[in-house]
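First the proteins, then the strands, lettered A, B, ... as listed; each starts at 1.
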Number of protein chains: 2
Amino acid sequence: MAKTSKATIADVARLAGVSTATAGRVLGRYGYTREETREQVMRAASKLGYRTNALARSLITGKTRTIGVVAGDIQNPFYASILRGIADVVERRDFGLLIVNSDENLDKEIRAVNLLLEKQVDGLIVSPCDTRNARHLRDLHAAGLPLVLLDRSVAGLEVDRVGIDNIAAAERAVVALLSTGHRRIGLVGEMLEEQEGGFDGFIARGLAGEVLSTDTLYPSWQRLLGYLRAHRQAGVAVDTSLIRRVGAYSAGAAQAVARTLIERPDRPSAVFATDGTMSEGVIGAVSAAGLTLPGELSLVCFDDLDWMSFLSPGISTMAQPRLAMGDAAATLLLERIEGSEAPVRAVVMRADLIERGSIAAWHAR
Amino acid sequence: MAKTSKATIADVARLAGVSTATAGRVLGRYGYTREETREQVMRAASKLGYRTNALARSLITGKTRTIGVVAGDIQNPFYASILRGIADVVERRDFGLLIVNSDENLDKEIRAVNLLLEKQVDGLIVSPCDTRNARHLRDLHAAGLPLVLLDRSVAGLEVDRVGIDNIAAAERAVVALLSTGHRRIGLVGEMLEEQEGGFDGFIARGLAGEVLSTDTLYPSWQRLLGYLRAHRQAGVAVDTSLIRRVGAYSAGAAQAVARTLIERPDRPSAVFATDGTMSEGVIGAVSAAGLTLPGELSLVCFDDLDWMSFLSPGISTMAQPRLAMGDAAATLLLERIEGSEAPVRAVVMRADLIERGSIAAWHAR
DNA sequence: CTGAAAGCGCTTACAG
DNA sequence: CTGAAAGCGCTTACAG
């Protein structure tokens with residue numbers, strides 16, 4: 001009724017004529033209280049405008065009912081949707097959600113995790129920016145804090161994680177192109193991180209089917225692998241000059257790279273973009289170059305973004321179940337927070353190809 | 001070095017051979033300590049893997065260094081960008097950011113605010129879903145909690161706020177159409193909330209220039225007003241049957257409504273969509289109807305979304321400075337949290353028309 | 001079913 | 001510059 005803050009359990013107890021222990025029991029909904037006492041306390045509480053101080057409670061219980069999420073960039077539709085999926089679960093359970101951006105930068109990620117730990121979150125969902133340098137995450141896990149990895153794994157860190165089968169998804173996307181006759185398929189991928197043996201070495205090994213530890217590869221590298229595998233299975237040789245590494249999480253950079261690919265005289269007949277940001281860049285380049293889809297170029301994108309359905313033609317794309325990914329990550333985390341000792345789980349979801357109109361059959365000319 | 005959690009100031013103090021008060025002073029960076037003592041404590045702290053428990057600190061200081069944001073839907077690009085702007089400021093200042101969705105629903109908004117208050121946030125940024133029923137916000141403000149309103153105002157609630165000049169923005173957008181010869185301009189707007197006198201009454205008053213208290217109108221209603229004003233100023237009669245109220249925050253609903261507008265025989269020569277979601281719906285309808293922009297229809301959208309630049313032609317739109325809006329909201333809030341007693345501020349930003357290629361001159365046929 | 005007491009992990013006066 | 005003591009607002013045994 002009155003002042004929104006200030007009133008404490010002690011104030012309520014005094015007004016109700018009971019002990020703080022009793023007032024606490026009714027206000028905190030624990031232990032037993034006589035109905036009559038309960039009403040008395042409730043009346044006093046509402047008269048004083050009492051509101052629980054979750055801080056004090058958390059200090060004692062050791063639980064904050066708050067989880068932390070470290071995302072690359074909440075403005076990116078990929079993360080925005082996943083966050084929404086997480087938020088839905090979290091809100092339903094009356095938990096709080098603390099969000100920090102990492103910008104895919106290790107230092108920022110470490111600072112983010114520290115901030116969240118100081119605020120005593122009950123658990124963390126992290127989309128790790130580095131699959132190797134992850135002391136901060138290992139320590140976390142060693143200390144017993146519930147942790148769920150999102151989209152990416154960390155070498156040697158056995159914790160719950162949620163992602164899609166990137167290799168299979170990319171393979172299916174590229175198969176859709178190969179099966180309609182395309183033989184020269186360009187790829188525009190982030191592939192920011194360095195790989196042992198370098199870019200060329202990786203491709204060579206991928207072509208030979210020699211890449212073994214694929215689990216801790218970054219998504220865009222895994223998708224490249226799917227691209228290579230599709231070719232290998234189809235017995236189609238790969239022109240490696242059609243594989244373009246952008247090396248940055250930026251649509252602008254992707255557009256510049258895509259441009260050099262689609263404006264060359266012997267341009268590919270089709271392009272595969274390995275994520276939403278790359279897709280934006282590629283579509284920008286296509287638009288700038290004035291190429292018609294799918295007549296002059298076929299295109300398969302990744303992630304189902306708003307615009308893909310209302311461009312004309314619609315853009316065929318591998319749709320990741322982003323909301324469901326967020327839901328799964330939050331659900332796994334909350335289960336751990338509630339004490340689940342189940343073996344480590346990897347929720348590997350499936351991305352589905354949504355066929356719209358950006359793939360045309362291709363006949364050698 | 002060791003266990004990530006557990007070690008307390010008392011543990012560190014014991015190991016360092018000092019009092020908890022002294023250990024607290026060095027670990028919490030307050031008060032004076034001899035350099036030698038400091039080092040001793042630091043060594044003990046790192047040996048134990050000490051980490052501040054912000055909860056305990058907050059309980060005493062009364063400050064959590066955390067702000068709360070209640071947004072309509074973090075998945076919507078409008079909110080996603082604003083949140084990013086907020087997050088940037090907040091992260092720079094080592095504050096935490098607690099985010100909750102309201103889905104533009106009053107009950108959810110109230111619950112969200114309560115959750116955030118229990119967690120003792122130092123301040124709140126809210127995009128209120130109801131400009132009248134806002135007891136929860138008024139109480140908050142009465143209790144002295146720093147509060148910044150985003151995008152919308154609340155009648156009679158004098159607090160800092162950030163938004164754009166919606167009437168002027170819409171007016172300029174429509175003027176761009178009128179000045180190129182368009183005389184029949186459709187409008188597709190949310191206008192979910194009811195207005196005194198109803199939809200028709202509102203339009204009548206708007207046409208007569210009789211709408212007075214425009215400040216607490218919802219953005220889409222303000223934008224409708226801008227549309228009407230542009231016509232009035234230009235001396236162009238309005239065919240009110242071209243004004244379409246979607247009544248929902250949904251691109252699908254907008255598309256259905258837009259469709260009935262652009263498929264009628266005497267369809268308008270141009271359409272103005274009053275926000276990002278409506279814009280998506282309209283572009284979907286245009287695409288489904290197979291109309292060519294701008295040859296068969298001119299279009300001005302609202303909010304600069306990714307796809308608007310790479311559709312062909314590009315979509316002309318009123319761009320809201322979303323990141324800057326978030327930045328401003330967070331900055332205002334942090335100033336209040338730091339104790340600023342400055343008079344209430346309304347940061348009214350300007351939206352700029354980005355002309356791309358969706359407006360064609362129109363000549364009566 | 002209720003209360004007195006202790007305590008969560010810090011910070012804050014107050015002495016010295 | 002450092003320490004002993006109190007206290008932030010709750011919950012948790014422990015008695016009764």
Side-chain angles (χ1 to χ4, degrees), chain A residues 3-42 44-45 48-66 96 115 117-122 143, chain B residues 3-42 44-45 48-66 96 115 117-122 143:
Chain A
K3 341 226 39 174
T4 305
S5 88
K6 302 292 112 181
T8 71
I9 272 198
D11 300 325
V12 174
R14 203 171 306 123
L15 183 61
V18 299
S19 71
T20 62
T22 298
R25 277 190 274 263
V26 0
L27 265 12
R29 279 180 270 276
Y30 51 86
Y32 299 85
T33 28
R34 203 154 43 111
E35 178 54 22
E36 212 174 313
T37 317
R38 213 189 72 79
E39 281 169 12
Q40 231 168 154
V41 172
M42 291 308 276
L48 294 173
Y50 172 78
R51 175 167 273 141
T52 303
N53 181 331
L55 255 35
R57 172 181 293 166
S58 297
L59 193 56
I60 295 174
T61 62
K63 268 97 187 54
T64 51
R65 294 187 73 82
T66 300
L115 180 81
L117 289 179
E118 292 195 348
K119 297 205 182 296
Q120 310 297 120
V121 293
D122 291 341
Chain B
K3 341 225 37 172
T4 304
S5 87
K6 301 292 111 180
T8 72
I9 273 196
D11 300 325
V12 174
R14 204 172 306 122
L15 182 60
V18 300
S19 71
T20 63
T22 297
R25 276 189 274 262
V26 1
L27 265 11
R29 278 179 270 274
Y30 50 85
Y32 300 85
T33 28
R34 205 156 40 112
E35 178 54 21
E36 214 176 312
T37 317
R38 215 189 71 80
E39 281 168 11
Q40 230 167 158
V41 172
M42 291 307 277
L48 295 173
Y50 172 79
R51 177 167 272 142
T52 303
N53 182 330
L55 255 36
R57 171 181 295 167
S58 296
L59 193 54
I60 296 174
T61 61
K63 268 97 188 55
T64 52
R65 295 187 72 81
T66 299
L115 181 80
L117 289 179
E118 292 193 351
K119 296 205 182 296
Q120 311 296 121
V121 293
D122 291 340

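- Going from atom CG of A:Leu27 over to atom OG1 of A:Thr20 covers 11.0 Å, rounded to the nearest 0.5 Å.
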State the dot-bracket string of DNA chain C. Criteria: Watson-Crick or G-U wobble, both atom distances under 3.5 angstrom; notation: ( ) intrastrand, [ ] crossing earlier pairs, | interstrand, . unpaired.
|||.||||||||.|||
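- When the shell of 6.0 Å around CD of B:Glu36 is examined, it contains 12 or fewer heavy atoms from other residues, nucleotides or ligands.
- Distance check, rounded to the nearest 0.5 Å: OG1 of B:Thr61 to CG of B:Asp122 gives 8.0 Å.
- If B:Gly17 and A:Ala21 are placed on DNA chain D by their nearest nucleotide, the residue sitting closer to the 5' end is B:Gly17.
- Side-chain N/O atoms of B:Lys119 and A:Thr66 include a donor and acceptor closer than 3.5 Å.
- Residue A:Tyr30 places its OH atom among more than 12 non-hydrogen atoms of other residues, nucleotides or ligands, all under 6.0 Å distant.
- Comparing B:Leu59 and B:Thr37 by the nucleotide of DNA chain D whose heavy atom lies nearest to each, the residue mapping closer to the 5' end is B:Thr37.
- Along DNA chain C, read 5' to 3', the first and last nucleotides having any atom under 4.0 Å from a heavy atom of chain B are C:dG9 to C:dA13.
- Here the CG-CZ distance, from A:Leu117 to B:Arg51, works out to 4.5 Å after rounding to the nearest 0.5 Å.
- A:Thr33 contributes no side-chain N or O that, together with a main-chain N or O of A:Arg38, makes up a donor-acceptor pair within less than 3.5 Å.
- A:Ile9 contributes atom CD1, which lies 12.0 Å from atom CZ of A:Arg14 (distance to the nearest 0.5 angstrom).
- Mapping A:Thr22 and B:Leu27 onto DNA chain C by nearest heavy atom places A:Thr22 at the nucleotide closer to the 5' end.
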